[in-house]
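Sequence lines set the chain letters: A, B, ... in the order given, protein chains first and strands last, and positions in each chain run from 1.
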Number of protein chains: 4
Amino acid sequence: MIEFRLDRSSGLPPYLQLVTQVQEAIRMGWLRAGDRLPTVREVVTSATVNANTVAKAYRELALIGLVEARPGAGTFVCGSLGTADAATMARLRGRLVRWVEASRAAGLEDDDVRALLNSVLTGLDSSTGVA
Amino acid sequence: MIEFRLDRSSGLPPYLQLVTQVQEAIRMGWLRAGDRLPTVREVVTSATVNANTVAKAYRELALIGLVEARPGAGTFVCGSLGTADAATMARLRGRLVRWVEASRAAGLEDDDVRALLNSVLTGLDSSTGVA
Amino acid sequence: MIEFRLDRSSGLPPYLQLVTQVQEAIRMGWLRAGDRLPTVREVVTSATVNANTVAKAYRELALIGLVEARPGAGTFVCGSLGTADAATMARLRGRLVRWVEASRAAGLEDDDVRALLNSVLTGLDSSTGVA
Amino acid sequence: MIEFRLDRSSGLPPYLQLVTQVQEAIRMGWLRAGDRLPTVREVVTSATVNANTVAKAYRELALIGLVEARPGAGTFVCGSLGTADAATMARLRGRLVRWVEASRAAGLEDDDVRALLNSVLTGLDSSTGVA
DNA sequence: GTGGTCTAGACCACC
DNA sequence: GTGGTCTAGACCACT
């Protein structure tokens with residue numbers, strides 16, 4: 001069962017954090033079609049957030065088609081966000097874990113690591129500057 | 001000179017996106033103490049954003065102490081976000097670039113890549129589930 | 001400018017009525033890309049509905065991609081629901097108007113007319129019954 | 001015997017869909033006074049809906065006076081929703097069928113067709129806009 | 001002034 | 001018990 005963690009200081013709206021975490025869990029294969037999400041009321045108590053906020057997140061996931069709400073029964077995963085096969089994912093994850101360890105050993109904080117990945121993904125290069 | 005990019009659909013408030021981008025540029029070494037940020041007016045035209053929004057972002061950066069506004073002259077970087085030395089950074093970046101290439105070759109989207117890094121940074125593992 | 005009409009006794013949630021009416025207006029060509037929807041607060045006063053309800057409807061339209069919300073500016077149509085060309089639509093509408101007139105002359109109420117269309121669209125036939 | 005079809009994504013509460021379908025069947029002449037509705041249990045199995053939901057729909061129909069529950073025997077149609085005589089109805093239906101065929105040939109979807117009828121019934125005209 | 005989000009609490013529909 | 005909607009009112013971000 002997925003467990004939500006809300007970062008109140010991130011600036012990202014709580015309901016979007018919930019949406020993102022479900023998407024990531026599906027991406028990572030932690031949630032699969034048929035799995036049940038925690039009930040709105042469970043999230044309310046575990047994440048100290050308002051029921052409407054959770055409902056909004058679930059509804060948005062339902063609109064995207066990732067999730068299906070069955071009143072009286074719960075909310076169930078019904079879509080997928082395709083990544084690679086399990087073996088490939090494990091290999092990539094292993095390489096990434098080692099790279100993160102090296103980065104941390106070099107003194108990088110998590111935010112530095114994220115910034116670095118961000119710059120690589122957006123094609124920004126240290127030689128050209130930012131443009 | 002840093003060039004800002006706003007993602008209207010990210011959910012993150014524009015002014016926070018500006019703040020983040022300056023921080024990342026400093027982290028990456030693209031901006032150093034003494035460098036001038038673009039004027040509010042320049043950002044307004046290049047990023048189609050309201051002047052108040054840019055001013056708010058600069059004010060926030062000044063509060064953190066990363067930036068200093070010199071009336072009449074502009075806004076200048078005056079702090080740093082320590083990472084590693086240039087050589088180490090280049091090496092780490094090189095490894096990361098190759099890893100990203102491998103990930104993309106395996107069919108991963110940018111969001112998949114970010115989710116994967118996120119899960120590694122937060123210590124979440126595919127074997128343990130989400131907790 | 002579209003004007004909303006809410007039917008409190010229809011059983012359809014008010015926010016869905018708003019969504020539907022915008023969709024229909026776009027379908028009919030009454031609203032086109034670039035047109036502005038009434039502000040949330042305008043709808044609140046004209047349709048005696050809560051601001052959150054209107055916001056929910058607008059947000060749903062934005063998620064579908066039919067509409068774009070520009071904070072501080074308003075909500076604007078940015079998608080289309082393709083029907084036929086204007087001439088064809090006018091011809092079809094003309095035939096339908098005459099058919100409706102004939103139906104009403106025969107004593108049919110609006111609900112009868114809708115039921116008839118419904119049965120034709122769903123392929124139900126008077127000879128086979130309902131199955 | 002009427003066969004119910006529930007559209008889970010329509011936003012209309014299931015019990016109201018059942019009510020509407022009985023009304024439409026009566027309007028169309030598929031159900032007449034004395035006809036028996038399927039038992040609650042039959043509907044439950046055929047339409048994958050909860051018994052309470054069916055019971056609620058039947059109760060609603062009884063309140064309107066369209067239906068009568070005879071304990072131990074079943075639920076029977078006992079009212080009518082007057083339309084025209086059979087011959088007129090057949091003629092109108094025939095014209096409508098041809099019109100729908102023309103509309104579909106022109107590329108209209110069912111929702112387009114419904115929107116068009118709606119606009120004609122409510123007296124909205126493409127020339128006057130929406131008011 | 002614009003839309004967006006969050007909270008609170010109520011009621012409904014469904015299982 | 002489940003999710004869904006509506007209301008009310010507050011605060012935020014943006015133009």
Are the side chain of [X] and the backbone of [Y] linked by a donor-acceptor contact shorter than 3.5 Å?
X       : Y       : answer
E60(A)  : A57(A)  : no
D112(B) : E109(B) : yes
R27(D)  : V22(D)  : no
T53(B)  : V49(B)  : no

How many whole angstroms separate atom [atom1] of [X] from atom [atom2] of [N]?
X      : N       : atom1 : atom2 : answer
Q17(D) : dC12(E) : CD    : C1'   : 16 Å
L12(A) : dG4(E)  : CG    : P     : 16 Å
L16(D) : dG4(F)  : CG    : P     : 18 Å

>> Both P13(C) and T75(A) contact DNA chain F. Which one's nearest nucleotide lies toward the 5' end?
In response: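 Closest to the 5' end, via its nearest nucleotide, is T75(A).
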
>> Can you see if the side chain of Y15(A) gets near the phosphate of dT5(E) - specifically, an N or O under 4.0 Å from OP1 or OP2?
In response: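 Looking at the OP1 and OP2 atoms of dT5(E), one of them is under 4.0 Å from a side-chain N or O of Y15(A).
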
> Going by distance alone, is a donor N or O of one side chain under 3.5 Å from an acceptor N or O of the other, for E68(C) and T75(C)?
Replying inline: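 Side chains of E68(C) and T75(C): no pair found under 3.5 Å.
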
>> If we count only N and O atoms by modelled type, under 3.5 Å, do the side chains of D7(C) and Q17(C) hold a donor and an acceptor together?
In response: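 The answer is no; no qualifying pair exists.
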
>> So if I apply the side chain to side chain contact (heavy atoms under 4.5 Å, CB included) rule between Q23(A) and each of L18(A), V67(A), L81(A), which one comes out positive?
In response: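 The single option meeting the side chain to side chain contact (heavy atoms under 4.5 Å, CB included) with Q23(A) is L81(A).
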
> Going by heavy atoms closer than 4.0 Å, what residues in residues 37-62 of chain A are next to DNA chain E?
Replying inline: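 Residues of residues 37-62 of chain A that come under 4.0 Å of DNA chain E are, in numerical order, V49(A), N50(A), N52(A), T53(A), K56(A).
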
>> By the 4.0 Å heavy-atom rule, please label R8(D) as base, sugar-phosphate, or nothing.
In response: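 It contacts sugar-phosphate atoms only.
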
> Should the heavy atoms of other residues, nucleotides or ligands under 6.0 Å from CZ of R41(D) be counted, would the total exceed 12?
Replying inline: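 Count not over threshold, so no.
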
>> For DNA chain E, please output the secondary structure as dot-bracket, reading 5' to 3'. Pairs are Watson-Crick or G-U wobble, both atom distances under 3.5 Å; mark crossing pairs with [ ], other-strand partners with |, unpaired with a dot.
In response: ||||||||||||||.

